[in-house]
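Written below as C-alpha cells is the structure these notes are about.
Residue numbers begin at 1 in each chain, while the letters A, B, ... track the order of the sequences.
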Amino acid sequence: MGEDDLRQMIGRVKNGSLSRRGFMRRMAAVGLTAPMATQLLAIAGAGSAQAQGSVPAYRPTRRGGGGQLKVLYWQASTLLNPHFAVGTTNQDASRVFYEPLAGWAADGTLHPVLAAEIPSIENGGLSADGRSVTWKLKRGVKWHDGQDFSADDVIFNWEYSRNPAVAAVTSGSYRDVNAVKVDDHTVRVEFAQPTPFWADAFVAATGQLIPKHLFQAFNGANSRDAPTNLRPVGTGAYRFVSFLPGDTLRAELNPNYHMNNRPFFDTLEVKGGGDAVSAARAVLQTGDFDYAWNLQVEDELLKRLEAANRGRVNIVESGGIEFVQLNCTDPNREIDGERSHISTQHPAFSDPAVRQAMALLIDRNALEQFIYGRGGPATANFLNNPPRFTSRNMRWEFNIARANEILDAAGWVRGRDGIRAKNNVRLRFIYQTSVNAPRQRTQAVYKQAAQRAGIDLELKSVTASVFFSSDVANPDTFTKFYADMQMYTTTMPQADPQRFMNQYVSWELSTRANSWQGRNIVRWRNDEYDAAFRAAESEIDPVKRAALFIRMNDLIVGSNHIIPLVKRPTVSGSVNNLRHVLSGWDGTFWALQDWWRET
Amino acid sequence: MTPAGEAWRRFRKHKLAVGSAVVLGLMILAVLFGPLFWTVPIDEIDFTARLQGPSLAHPFGTDDLGQDLLARVLYGGRISLAVGFAAMGVAVTVGVLVGAIAGMSKGPVDVALMWVTDLFLSLPQLPLLLLIIYLFRDALADLVGQELGVFIMIVAVIGLFNWMQVARLVRAQFFSLREKEFVEAARALGASRVRIVVQHILPNALGPVIVAASIDVAGAILAESTLSFLGLGFPPDTPTWGRLLFDAKDNLDFAPHWAIFPGLAIFLTVLTINFVGDGLRDALDPRRVQ
Amino acid sequence: MAQYLLRRLLIAIPSLLGISVILFTVLALAPGDPFEELATNPAIPPEVRLALRASLGIDDPVHIRYFRWLTSMLQGEWGFSFVSRVDVDQLILQRLPVTLIVIGSSQILALAIALPVGIMAATRPYSIFDQVANTLAFVGFSLPTFFTGLLLIMLFSIHLDWLPFVYRAQIDATGWQWWWEHIKQSIMPITVLGLFQGAAWTRFVRSAVLDVVRLDYVTTARAKGIPERRVINRHVVRNALIPVVTLVALQMPAVFGGAIVTEQIFRVPGIGSLLISAVLANDTPVIMAVTFVFACLVIFFNLLADVIYGWLDPRISYS
C-alpha cells in the first residue's frame with residue numbers, strides 16, 4: 001500500500017464513506033495496524049483517536065460487590081508518587097490511585113481517562129501544524145478527599161515535574177513543552193517544533209496527575225517531605241488504605257469514582273517481593289493470587305504450570321527487544337584512559353564478514369522454541385512494533401556452514417586450537433550480559449554455534465544492578481561496553497519509535513565526555529541514519545515518517561553491528577475467571593477500573 | 001609407638017571414618033579422572049534430549065538444554081571440591097590463628113583482634129564482594145590468568161567471610177582451657193608458651209574447630225553457587241554443584257533428577273568429611289581413654 | 001570484671017566509629033547505583049539520571065558524604081532511602097516486628113532441637129540415635145535454604161495445599177482466626193531456618209559435650225556415684241555451654257538482620273529483604289543504617305558472651 005492509497009483512504013474516512021473500524025481493519029490487513037494508527041488518523045483530521053472496541057466490554061452493572069483482588073509483583077513497589085517512580089513497579093503502584101488524561105490501549109489507540117475526549121482536528125483539539133494539543137477535561141471528577149479536579153491540577157503537574165529542585169523522573173516528558181490553562185476544564189500543550197508524537201505529556205505512566213492542593217507546598221527541594229508521597233490521594237477507582245514500602249499495598253473501592261458501575265472489587269492488595277517462578281506458581285498452580293506481573297520465566301515451565309488449569313498466561317505485544325551488540329570500537333585499547341574509545345575500531349568486528357558470520361551463528365529458532373517460547377518470538381528487526389513501523393526487508397538465518405564459508409573467504413584461518421585468526425587478530429570475544437537465566441542459556445547456545453565456526457566466546461555475566469547502573473566508576477556497566485559483545489533487552493515505553501530509534505544517532509555516542517550517558521552504546525555511526533532521524537523528528541506526514549523509521553531499522557540491522565534475537569512481549573499470569581484489560585503500551589493497571597471477575 | 005602412629009591406629013579403629021575416607025577418596029578420584037572416561041562434553045547442547053531422566057546415554061539425565069548431567073557433575077565437582085576445601089582451609093587457618101592469639105593474650109591484643117572479628121561479622125557481604133571483585137578481578141586475572149584468578153578470588157572471599165566463627169570458638173575454648181589443671185601443671189614444669197599452646201591447649205580446643213571445618217566445606221560449596229548467581233564467580237557456563245542445584249530448583253517437580261545428583265554429591269561430601277572429622281578428633285584426642 | 005566491662009564498653013565507641021568509617025567507604029566505593037531501570041528506558045533522558053544522582057549527593061567525595069552521614073546520625077537523623085524517599089528508621093521499624101518474630105522463633109526452634117539432641121547424641125556416642133541424629137544434621141546443612149524452602153513449598157503448599165507460601169504481613173481477620181493465619185504462614189519459613197541452624201548447632205553441641213564428658217572431673221563425679229542425669233546436667237552441660245554460648249551470641253544479631261534467602265522465598269517482609277533490595281539498588285542510607293545497627297548488636301552480643309563465659313566457668317579471668 002503506497003502513500004497515496006493511504007491518503008485516499010483517510011479521505012474516505014473523513015467524508016464518511018469509510019468507517020473508522022473499516023479503516024483500521026484495512027490497515028491491519030496490510031500490516032499497518034498501529035498504536036500510532038489512530039494518531040495518524042487524528043493528525044490527518046479523520047475523527048477522534050478514541051477507539052471503539054479497543055477495550056473489551058465491561059459487564060458488571062453495579063459498583064462493588066466483587067470481594068478482594070489479589071495481585072502479585074515479584075518486585076515490590078517502594079513509593080507512590082508517579083513523578084518519582086524509577087521503574088515500572090512504582091509507576092504501576094501509583095497507577096492504582098492516580099490517573100492520566102488518557103492511556104494507551106493494547107492496539108495502540110488512546111483511551112480517555114480524565115480527558116473528556118481524545119483531541120483531534122475535528123474537535124479542535126489538534127492544531128494542523130502539529131504545534132499544540134488542547135485537552136478537554138472530564139467534569140465532575142473528584143479527588144479522593146472530596147476536592148474538585150481541575151485544569152489547575154494539570155498545570156501544576158507540568159510545573160512540578162519540570163522543576164529541577166523536585167528531581168522528578170518524569171521531567172523528560174514536560175521540560176520541552178509548554179502547558180497553558182485555557183479555562184477550568186481545558187488545558188493546552190504547546191510545542192516549539194511541529195511534533196508528530198503529541199500524546200506524551202499528561203498521558204499514560206508519566207502522565208499520572210497528582211493533586212495541586214496537597215503537593216503545592218512541596219514543589220521544590222522539600223518534595224520528599226510531602227506526606228502524600230506515601231498516602232496518595234488520587235482520582236482512581238481505588239483509594240488508599242495502607243502501604244508498606246517494599247512489601248504490600250492495600251486499597252479499597254472509591255465510592256465516588258467518575259465512571260459508572262466501576263470499580264468491581266471492594267478491596268485490592270498488591271503484594272511485592274520474591275521471585276517470578278513462585279509468583280507464577282501462586283497464580284497458575286495454586287490460585288492463591290489473581291494476577292502475577294511480568295513472568296520472566298521459561299515458557300516450558302509456564303506451560304507446565306498452566307496444565308493445572310487454574311490460570312492462564314497472558315501475552316501482550318509491546319516493543320521490547322532482546323538483542324546482541326557487536327562493539328564498533330576496541331574495548332582492549334585505551335585512548336586517554338578510555339576503553340572502547342570512538343577513535344578506535346574493533347579489530348575483528350570492523351570486518352563485515354565477521355559480523356555477518358556472527359549474525360548467522362545464533363539460532364533464533366532454538367531461542368524461541370526452547371528458551372523464550374511465547375515470551376520471545378524470533379525476529380530479524382530491531383524495531384518491531386507498532387506494526388506499521390515493521391520492516392519487511394530483513395531476514396534472519398541460522399547457518400553454521402555459511403558462516404564458515406564467509407570467514408574462509410575473508411581470510412580468517414583456523415589455528416591449531418581451532419580458533420580462527422588473521423593478521424594476529426584472533427576471533428575470541430568476551431560476551432557479556434546481565435545475570436538472568438534465559439540470558440545465560442542464550443549465551444551457552446551462541447557459544448556452541450560460534451565454536452563450530454572457529455570463534456571462541458568467553459561468557460561473562462554481571463549482576464543486573466551493576467550492569468544497568470549509571471555508575472561512572474564501574475567498568476562493568478552496559479553503557480561503558482568494555483567487552484566485544486553484549487546482550488540485553490531494550491524497552492519501548494511509548495507507542496512511537498522516536499525515542500527508541502535515537503539509540504544509533506551519532507550525537508548520542510556513549511563516551512567519557514558525557515559520562516557514558518549517551519544512548520548509542522554500540523558506538524555505530526552512519527550519516528544516512530542521522531539524516532533519516534533528523535527528518536523523522538519533524539515529519540508530520542505519518543506515512544513518510546514511518547518509512548523513515550523503517551529505513552533506520554534496515555540500516556542498523558543491515559550493518560550487523562546489532563543482532564536482534566527475540567521480541568519481548570509482556571507476559572503475565574491470571575486466574576481463569578479474572579477479566580482484565582492489559583496493554584503493552586501502558587502500565588499493568590492502566591485500566592484497573594475495568595477489571596472484574598466472572599462467576 | 002610414635003604419636004602419629006598411635007593416632008593412625010586409633011583412626012583405623014573408627015570404621016565409619018575409614019569408610020568415609022575411602023568414599024571421599026573415590027569421589028575425588030572420580031572428579032579428577034572421571035572426565036577422562038566419561039568423555040561426553042559438558043556443554044553439548046541437544047534440544048531433542050531436554051530434561052530427560054537417567055538413561056544409558058545420560059546416566060544422570062539431562063538439563064533443560066539437553067546437556068549431559070553426569071559430565072557436568074563430574075566437571076563441576078573439581079571446582080566445587082577444590083573451592084570447598086581451599087576456602088575451608090583459609091577460614092580455619094585464619095580463625096585458629098586469630099582465636100589462639102586472642103585467647104592466649106589478655107588486654108589490648110585480644111581487644112584489637114576481637115574488634116577485627118566484630119568488624120568482619122558486621123560488614124555487609126554483598127557490597128563488599130562486589131567491591132572486591134571490581135577492584136581485584138582484572139588485576140588478578142592479569143597476574144595469574146583468568147581461571148586461576150577467579151579461583152583465588154572466590155576462595156579468598158569465601159574464606160575471609162567465614163573465619164570469625166572459628167576464631168570466637170577457639171578463643172572461648174582457650175579462655176576456659178588455659179586455666180585448667182593440666183595447663184597449670186605444664187606451666188609449672190616450665191614449658192614454653194608456644195609449647196603449651198601447641199601441645200596442650202590446641203589439641204583440646206580442636207573439637208569445635210573440626211565441626212566448624214566440616215560445616216564450612218558445605219558452606220563454601222553452596223556459597224560459591226551464590227557468588228556465581230550474582231555473576232561474581234566462575235563464568236556462567238561453569239557447572240559447579242551449587243550452580244547445578246540452583247538451576248535445577250525451578251524444575252524440581254518436573255525433573256527431580258536434575259537436582260538430586262548434585263544435591264547427593266554435596267551431601268555425600270559433607271557426610272564423609274564429617275565422619276572423617278569425627279575419626280580425626282577421636283584419634284587426636286589426648287584424653288581418650290581406651 | 002566490672003572494670004573490664006567498663007573498659008570494653010568504652011572501647012566499643014571508637015570501634016563502632018571505626019566500623020562505620022569502613023562500612024561507609026565500602027558502600028561508597030562498591031559499584032552500582034539506584035537507577036537501574038531508568039537506564040534501559042529510552043523515555044528518560046540521561047540528564048535526568050545525572051540530576052538525580054547529584055540531588056542525592058551520590059557524586060560527592062566519600063569523606064564529605066561520610067561526615068554528612070555521621071553528623072546527622074549523631075543528631076538522631078537516620079537519613080532517607082534513595083529509592084523510596086522514606087525515612088530509614090521508619091522503614092526499619094515497619095519491618096522489625098515480623099523479623100523478630102520469624103527469625104527469633106526459628107532460632108528458638110534451632111536451640112530447642114540442638115541442645116537436647118546434641119546432648120543425647122554425645123552421651124551415647126555411635127549409638128543408633130547418634131547416627132540418625134548425625135545423618136539428619138548432615139542433610140540439614142548440606143542442603144541450602146533456597147532448596148529446602150522450595151521442597152517444603154512443593155509438599156505443603158502445592159501438593160497438599162495445607163499452608164500458604166506467600167507471607168502476608170497484614171491479615172484481615174480477628175481473634176483466633178488472625179492468630180491461626182499468622183501461625184500457618186510462619187510455619188514454613190521458621191522451619192526452614194530453624195532446621196538449617198539447628199542442624200549445625202546439633203553438631204557443635206554434640207562435639208562440645210563429647211569433649212567434656214571425657215574430662216577427668218566428670219569421670220571423678222561418676223566414680224563418686226552421682227547419678228548420671230545429675231552428672232550430665234550439673235557438670236557436663238555447664239562446661240559444654242561455652243562454645244554454644246559463643247555460637248548463639250554470633251547468631252543473635254541475625255534476629256535483627258533477618259535471613260535474606262528465606263525471606264525472599266516466602267516473601268517475608270523482614271529486614272533481610274529490605275537489606276538485599278537496598279544492596280541491589282545501592283541504596284546507601286538504608287544499607288548503612290541496617291548494617292550499623294547490626295554492628296552494634298554484634299559488638300554487644302559478643303561482649304555479652306564474654307561475660308557469660310566468666311559466669312559459666314568462674315576460673316576465666318580477663319584482668
Select one option (side chain, backbone, both, neither) describing which atoms of [X] are under 4.5 Å from chain B's heavy atoms.
| X | result |
| --- | --- |
| C/Val139 | both |
| C/Ser207 | both |
| C/Ile276 | side chain |
| C/Ile299 | both |

Find the one option among [options] whose heavy-atom pairs under 4.5 Å with chain C are most numerous.
| options | result |
| --- | --- |
| B/Ala259, B/Ala248, B/Ser122 | B/Ser122 |
| B/Arg168, B/Lys249, B/Gln165 | B/Arg168 |
| B/Leu16, B/Val270, B/Asp118 | B/Asp118 |
| B/Ile215, B/Thr269, B/Ile266 | B/Ile215 |

Query raised in the report: Quick one: does B/Val217's side chain get under 4.5 Å of B/Met88's, heavy atoms only?
Result: yes
Query raised in the report: Are the side chains of C/Phe146 and C/Leu151 in touch, meaning some heavy atoms are under 4.5 Å apart?
Result: no
Query - Heavy-atom pair count under 4.5 Å with chain B, highest-scoring of C/Ala12, C/Pro125, C/Pro243 - result: C/Pro243
**Report entry** C/Phe147/C/Phe196 aromatic ring centres below 6.0 Å
**Finding:** no
Report summary line: Bottom line for B/Leu222: the part with an atom under 4.5 Å from chain C's heavy atoms is side chain
Query raised in the report: Counting only N and O atoms by type, is there a donor-acceptor contact under 3.5 Å from the side chain of B/Trp241 to the main-chain atoms of B/Pro262?
Result: no
